[in-house]
2 protein chains.
Amino acid sequence: MPHAGFKQFCPVAMAAEILCTRWTMVLLRELIAGSTRFNDLRRGVPKMSPTLLSQRLKDLEAAGIVRRYEIPRKKGLYEYRLTPAGEDLRPVVEAVGIWGQRWVESQLSLKNLDPSLLMWDMRRNLNPQPLPNRRTVIQLMYPELPVSKRTWWLLVDPPGSVDLCWDDPGFDIDLFVTTDLRTMTAIWMGLTSVEKESSKIDLVGDKAVARSMQQWLGLSPFAAEAKRVP
Amino acid sequence: MPHAGFKQFCPVAMAAEILCTRWTMVLLRELIAGSTRFNDLRRGVPKMSPTLLSQRLKDLEAAGIVRRYEIPRKKGLYEYRLTPAGEDLRPVVEAVGIWGQRWVESQLSLKNLDPSLLMWDMRRNLNPQPLPNRRTVIQLMYPELPVSKRTWWLLVDPPGSVDLCWDDPGFDIDLFVTTDLRTMTAIWMGLTSVEKESSKIDLVGDKAVARSMQQWLGLSPFAAEAKRVP
DNA sequence: CAGTATCCTATCCGATACTG
DNA sequence: CAGTATCGGATAGGATACTG
């Protein structure tokens, strides 16, 4: 009988029974990063089937880690929110992420490029502060990708709203960024920098916005952690 | 195809691919607690089949987390030791254990009683310091258990050696402890104390050793973490 | 002591399509 | 939008016995 428990009273074992099932840690990361709606979660774990996502959310609910609420005055819309027990998983997910950033070889991570995921994360962490105090539109283009995933727009509306579009929003573009997905991902992960990769990045448009790119690009939460793998 | 990767460059996902497979977290706890030999590891994860243990150790080796050494001058004896990457997993395992101690209901943990595991852990964490400065022998008895698992002996030899026996070592006994496994486990986990459970524990022998039981019993590494489940 | 070898199956999971 | 329904298949892993 695969997947009985570990039969250990140890808290590590008990917790691992809940936390260390396939996809769970990744889903928790997504919840902790702030996604609450089913389809937002799907975006964050695109390779997970909706059936399994649904299943895992139920498991987490049964474990007291998330709760499902209907949004007030919106019939049929739901939110998954972390309970205090769920919030308290933040140190766990952080520890896992820090270890991954330190010890997993970049080559391996960079085998899993995914523009939707990257852009979704960039949207989440983008820092509007260095940008002009007006609506700013940045177009990112990865020429090597098929048309449907090639071009993306980030709309930044002061003071803090950031939107991601995969269709031309029609506004004037402040900055055109053209590069390859691997370079952009490596920068976002903190493995390199805009400056170091300047030969691989083409920036056209507002000089100030271009110059502050490394700043407004909010990097991965783990970007500051240096690689330790020998 | 079950069990491909998550296809995410995120360090949490990359790390989870390595760390969140079945048994791995529990095995890591055992390695971090200090077990190095194959059969010691088996003792720490008794419900894991040797085949799978062997498999996981190979996986961990491939991931750069453990290394296998032949013990010098002892042909055929091996040790599994954590690499720096493995040592750096300590914060991960700690975070998982702390969360488990805080949020997993005691009832659930205490469904997984196991005298061998408990005694093995008691041996590891026992604190000889409050004991007399001579060889001290403590007999633990769980009358409800079958004979083969009923009686255990802890041999403490100053300054720091602690042995566990499951056959009468023959020495004079300083303290006879008789209780039930659930009570002893709950105490060891920090869920209650020797004093609170005094009605369920029978202590016969050296008064001083009996009185300092709560002290020399080295508790679980997570015992200090208070339950938070509502 | 330190593992292999073998067998077998329960179950997890991926894929796809569909619904209120 | 927020999930369910259904299906098949791979495989992880449990049980047990055995070996140098």
Side-chain angles (χ1 to χ4, degrees), chain A residues 1-8 13 16-27 30-31 35-62 66-81 112 114, chain B residues 1-8 13 16-27 30-31 35-63 66-81 112 114 120:
Chain A
M1 67 177 115
H3 208 166
F6 300 128
K7 305 293 183 189
Q8 300 206 185
E17 275 186 45
I18 300 170
L19 305 177
C20 295
T21 50
R22 187 158 164 69
W23 282 109
T24 302
M25 195 60 72
V26 187
L27 175 53
E30 200 55 25
L31 284 160
S35 299
T36 60
R37 305 290 293 277
F38 192 83
N39 283 321
D40 284 352
L41 292 166
R42 285 191 72 174
R43 239 191 262 276
V45 280
K47 291 303 203 179
M48 189 180 191
S49 79
T51 310
L52 189 54
L53 173 55
S54 173
Q55 180 62 50
R56 282 287 182 276
L57 285 168
K58 288 193 172 97
D59 296 345
L60 291 177
E61 200 173 358
V66 302
R67 241 192 101 181
R68 178 175 181 267
Y69 300 92
E70 183 161 55
I71 300 177
R73 332 188 129 268
K74 312 236 178 175
K75 290 288 168 201
L77 303 190
Y78 299 92
E79 281 192 326
Y80 294 88
R81 298 203 161 277
N112 298 316
D114 179 330
Chain B
M1 68 176 112
H3 208 162
F6 301 128
K7 306 293 183 189
Q8 300 206 184
E17 275 185 45
I18 301 170
L19 306 177
C20 295
T21 50
R22 187 159 164 68
W23 282 110
T24 302
M25 195 61 71
V26 187
L27 175 54
E30 200 56 24
L31 285 160
S35 299
T36 60
R37 307 288 295 276
F38 192 83
N39 282 322
D40 284 352
L41 292 167
R42 285 191 71 174
R43 239 190 262 275
V45 279
K47 293 301 203 179
M48 189 179 191
S49 78
T51 310
L52 189 54
L53 172 55
S54 172
Q55 180 61 49
R56 282 289 182 274
L57 286 167
K58 289 194 172 95
D59 295 344
L60 291 177
E61 200 173 358
V66 302
R67 242 193 101 180
R68 178 174 182 269
Y69 299 92
E70 183 161 56
I71 301 176
R73 334 187 128 269
K74 312 236 178 175
K75 290 289 168 201
L77 303 190
Y78 299 91
E79 281 193 326
Y80 294 88
R81 298 204 160 276
N112 298 316
D114 179 330
W120 186 241

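Within every chain, numbering begins at 1; the chains are lettered A, B, ... in the order of the sequence lines, protein sequences first and strands thereafter.
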| query | Considering Watson-Crick and G-U wobble pairs with both distances under 3.5 Å, what does dG20(D) pair with? | reply | dC1(C)
| message | Taking pairing as Watson-Crick or G-U wobble with both contacts under 3.5 Å, can you name the mate of dT9(C), or confirm there isn't one? | response | dA12(D)
| request: Kindly point out which of dG14(D), dG3(C), dC1(D) is positioned nearest to the side chain of Arg37(A)? | output: dC1(D)
| remark: Of Trp23(A) and Gly76(A), the one whose closest nucleotide on DNA chain C sits nearer the 5' end is Trp23(A)
| query | Nearest to the side chain of Ser49(A) - dG14(C), dG14(D), dT4(C)? | reply | dG14(C)
| field | For atom CG of Asp40(B) and atom C1' of dC1(C), their distance in whole Å | value | 11 Å
| field | Side-chain donor/acceptor of Thr51(B) to base of dA5(C), under 3.5 Å | value | yes
| remark: In Thr51(B), Asp59(B), Leu57(B), Leu53(B), the residue satisfying side-chain contact (heavy atoms from CB on, under 4.5 Å) with Gln55(B) is Asp59(B)
| Which nucleotide, dG3(C), dA2(D), dG3(D), lies nearest any side-chain atom of Asn39(A)? | dA2(D)
| note | dist Glu17(A):CD -> Phe6(A):CZ (nearest 0.5 Å) comes out at 6.0 Å
| query | Do we get Arg56(A) above Trp23(A)'s six-membered ring, with its NZ or CZ under 6.0 Å from the centre and within 45° of the axis? | reply | no
| Phosphate oxygens OP1/OP2 of dG3(C): is one of them under 4.0 Å from a side-chain N or O of Tyr80(B)? | yes
| task | Find the distance Gln55(B):CD to dT6(C):P and express it as a whole number of Å. | result | 15 Å
| message | Rounded to whole Å, please give me the gap between NZ in Lys74(A) and P in dA2(D). | response | 11 Å
| query | Can you find a pair of side-chain heavy atoms, one from Arg42(A) and one from Met48(A), that are under 4.5 Å apart? | reply | no
| query | Looking across every strand, which nucleic acid part, if any, lies under 4.0 Å from Lys58(A) by heavy atom: base, sugar-phosphate, or nothing? | reply | sugar-phosphate
| message | Expressed as a whole number of angstroms, how long is the span from Lys75(A):NZ to dG20(C):P? | response | 19 Å
| query | Which of these nucleotides, dG3(C), dG13(D), dT16(C), is closest to any side-chain atom of Leu52(B)? | reply | dG13(D)
| Between C1' of dA2(D) and CD of Glu79(A), the distance in whole Å | 13 Å
| In whole Å, what is the span from the CG atom of Leu77(B) to the C1' atom of dG20(D)? | 13 Å
| message | Between C1' on dC13(C) and CG on Leu57(A), what's the gap in Å once rounded to a whole number? | response | 16 Å
| query | In whole angstroms, how far is the C1' atom of dG3(D) from the CZ atom of Arg56(A)? | reply | 17 Å
| request: May I ask you to evaluate whether Arg22(A) reaches the phosphate of dG14(C), defined as a side-chain N or O under 4.0 Å from OP1 or OP2? | output: yes
| task | Calculate, to the nearest 0.5 Å, the distance between atoms CZ and OH belonging to Arg67(B) and Tyr80(B) respectively. | result | 13.0 Å
| task | For Tyr78(A), answer base if it contacts any base atom (sugar-phosphate contacts may also be present), sugar-phosphate if it contacts only those atoms, and nothing otherwise; contact means non-hydrogen atoms under 4.0 Å. | result | sugar-phosphate
